[in-house]
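Below: one structure, written as C-alpha cells.
Below, read A as the first sequence line, B as the second, and so on, with proteins coming before strands; counting in each chain starts at 1.
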Amino acid sequence: MSIITSKREEVYSEIKKALNKAKKKEILKFNVLPDFTVEVPRDKTHGDFATNIAMLLCKEVKMPPREVARILIENLENVDEWTEKVEIAGSGFINFHLGQKWLYKVLPYVIKEGENFGKSNVGQGKKIQLEYVSANPTGLLHMGNARGAALGDTLSNLLAAIGFNVTREFYINDAGNQIENFGKSLEARYFQLLGQKADFPEEGYHGEDVVATVKNIISEVGDKYLNVDSVLRREFLIQKGLEEKITNIKNDLARFGVEYDVWFSEQSLHDTGAIKRIIQELQDKDLIYEKEGALWFKTSQFGDNKDEVVVRANGIPTYFVADIAYHINKFERGFEKVINIWGADHHGHVARMKGAMKAQGYDEKKLDVIIMQLVRLLRDGDVVRMSKRSGQYITLSELIDEVGKDAARYFFIMRNPDSHLDFDLDLAKAESSDNPVYYVQYAHARIASILKASPEKIKNIELINFALLKEETELNLIRKIADYPEEITEAALNYEPHRLTRYAQDLASAFHSFYNSCRVLTDEKGLREARLGLVDATRITLRNLLLLIGVSAPERM
RNA sequence: GCGCCCGUAGCUCAGUGGAUAGAGCACUGGCCUCCGGAGCCAGGUGCGUAGGUUCGAUUCCUAUCGGGCGUACCA
C-alpha cells in the first residue's frame, strides 16, 4: 500500500465519519451516502486532496452545497492532527491541505522498497491470460503486430506488477486456408527457383521473404521434391516454411523484448479433436443448422448481426470455430480473466466470440478484447503504404534496425489503443529533445552521473533529514514520485499502458526542473544527503517505470 | 444501408460529470565561472455541429457532418 493511497483512504473515511455524525445529529438528512470522490486536484493551490461530496449531497439535504460543506467540516474529528488547512472553494469543493509532513515519509519508503516500489498485490495471484500479436506465420511481423507486441507485453508487465499471475500467449494460425495458400506460394517459388515454369497463385504471398524461405529449403534439400506427389511436396514445404517463419517471429519478438510463456498451435486443436467436439456440443444445443452445404452457428442469437459458418461446404472447419475451441481451451485452463489484443480489422469478431463463450456456458465478461486501431507509418511527412499480400511492408525487424527497440516500444504505447497511431519514423530516430524517449532516458542518465560524482553513498536513510527539502521543485518531484504506485495500478486495471509514457514525461520533467533550480552536490552536508535521497528515489521510480515499458534505463547516453 | 472506433491547439495526441481543458513538436525570447544544454524558464490559440439529461456537459444521451475499419464458406 503506497503512502498516497493510504492517505487518500484516510481522508475518505474521515469524511464518511463526519457525514454520519452529522446525520445522527440530524443536521444533515439523507438516506444513502452518494458515491463521492476524493482526488488530487489539478491545481496545487486547491490542496492535496479535494472532494465533491457537498455538491452531490446538496439536493437531497435541501441546502446549498457550500452550506453542506461547512457542516461537514464542523463535524470532522481532530482536524488539526492530520491537516494543515481545510477550506471550501468554488461551488462547494472541500479542499484538504495536508501540509508537508507526510510527503517526507515518501522518500525513505521508496528507497527501502527499491525495485519493489510500485508493485502491489491488487491482483491477489489470480490467473490471467493475455494473447497478443498471434500473427499469421506465413510472413514477417509488420507494424500492426509490433504495436500489439508492445501493448501486450507492457500490459502483461503491468498486471504482473500488481500481483496477477500472468500467462503470455501467442496463437499460431498454422492451419486453415491461408496455410493452403502459403503452401501453393512456396510450391510455385520452389518450381521457379529450380528453373521450372510455374504460375504464382494470385491470392498467394508475394513477399520476398517467401522467396528467401524457399531458397533456404532448396539449399537444404535441393530438387528432391521436384518430382514427388504435389500433396506430399506441399506438406513438406509447409512444414519447413512454418518452422522457419515461426523461428523468425520468435527471434524478432525476442529482439523487441517480448517473450511468451505459451505458443499455442491452431493445428493442435484439429489434431486433438477439440474442434469436432465443439461442433458436436453446439449441435447438441441445437445451435447449428445446415444451409447450402455448410454448417452455420446461430450467432445472431447472441448479439451478432448474422449467423456464421463453422464448417464450409468442403468440410473444412473455419477459423472462427477453431478460435472458439481455442478460447474454450483457455477457460478450461482456469483463467479468471482472458484478454485478447486484436487489430481493428477484427472488431466484428468480438461480439460473436463473446456469444460463443456464452453459448458454451462461460461468463463472457471474463473475456476482454482490446481493439487497437491501425498504425500508419510516416516517413518525411508522407504516409508509407503497406500491404502484406503484395509483400510491401516494413517489418518489425527493420523497424528495430532503424529506430531501435527503446524508441519503437515507447512510441507504440504512447497512444491509447483506441486511437489511430501515426508512427513518425523521423521523430523516433531523432537524437534530440524532440524525441520523448530520450528525454526520459536522459533524466535517468543524468541521475546516474550525479550519484557517481557524489562524495558519499547513502547508507542509513533513517539519518537523513528530508524535511530540509523545501523548494517548490523539490516538493513537486516528491509528489510526482508518490503518485507512481497509483499510476501503475490504474494503468493496469484499466488496460491503459499509454498512461505510463505520460507519467514518465511528467516525472522526468519534474526532475529536470528540480535539477536546474537546486544543486544536489552542495557543501551543506544535511541538505546534500536529503537531495541525494530524493535523486535516488527518482532513479528508482524511473527505472521501475522504464522496465515496465520495456525500455532500457541507461547510465550513460 | 447496418455495426464498431475516432473527431480537443498549426501538427501528433492526453484528459475529465465539476473550480482557469493539458503535454510534446513547431514558432519567439531568455538561462551554465558550478552535479550531463539530449536540460531549464517565459510567451497563445482549441473540445466538429445542433439539441437533450444535470446544480454543473468537452465528458453522458440523441441527431447530424467528417475520417478509419468491418459487414467473406479469408484470418
(message) Less than 4.5 Å apart, side chain to side chain, heavy atoms only: is that true for A:Val440 and A:Gln505?
(response) yes

(message) Within the 4.5 Å heavy-atom criterion, are A:Leu377 and A:Leu425 side-chain neighbours or not?
(response) yes

(message) Salt bridge check, A:Glu486 against A:Arg8: does any charged N sit closer than 4.0 Å to a carboxylate O?
(response) yes

(request) Using the six-membered ring wherever Trp is involved, compare the ring planes of A:Phe423 and A:Phe411 and label them parallel, tilted or perpendicular (cut-offs 30° and 60°). (result) tilted

(message) For RNA chain B, please output the secondary structure as dot-bracket, reading 5' to 3'. Pairs are Watson-Crick or G-U wobble, both atom distances under 3.5 Å; mark crossing pairs with [ ], other-strand partners with |, unpaired with a dot.
(response) (((((((..((((....[...)))).(((((.......)))))....(((((..]....))))))))))))....

(message) Tell me whether A:Glu266 contacts the main-chain N or O of A:Ala322 through its side chain, where contact means a donor paired with an acceptor under 3.5 Å.
(response) no

(message) With side chain to side chain donor-acceptor pair (under 3.5 Å) as the test, pick out the partner of A:Asn340 among A:Lys330, A:His346, A:His349.
(response) A:Lys330

Among [options], the one nearest [X] by side-chain distance:
X	options	value
A:Met557	B:C34, B:C5, B:A38	B:A38
A:Arg415	B:A19, B:A75, B:U12	B:U12
A:Ala453	B:C35, B:C40, B:C5	B:C35
A:Ala89	B:G36, B:A19, B:G68	B:A19

Rounded off to whole Å, could you give me the [atom1]-to-[atom2] distance for the [X] and [N] pair?
X	N	atom1	atom2	value
A:Glu487	B:A14	CD	C1'	12 Å
A:Tyr442	B:C40	OH	C1'	10 Å
A:Leu507	B:G24	CG	C1'	16 Å

(message) Let me spell it out: for each of A:Arg519 and A:Lys59, pick the nucleotide of RNA chain B with the closest heavy atom. Which residue's pick is nearer the 5' end?
(response) A:Arg519

Under 4.0 Å between any heavy atoms, over every strand shown, what does [X] touch: base, sugar-phosphate, or nothing? Just pick one.
X	answer
A:Lys306	sugar-phosphate
A:Leu374	sugar-phosphate
A:Ala443	nothing

(message) Suppose we call a contact any N or O donor and acceptor under 3.5 Å apart; does that hold for the side chain of A:Ser449 and the base of B:G36?
(response) yes

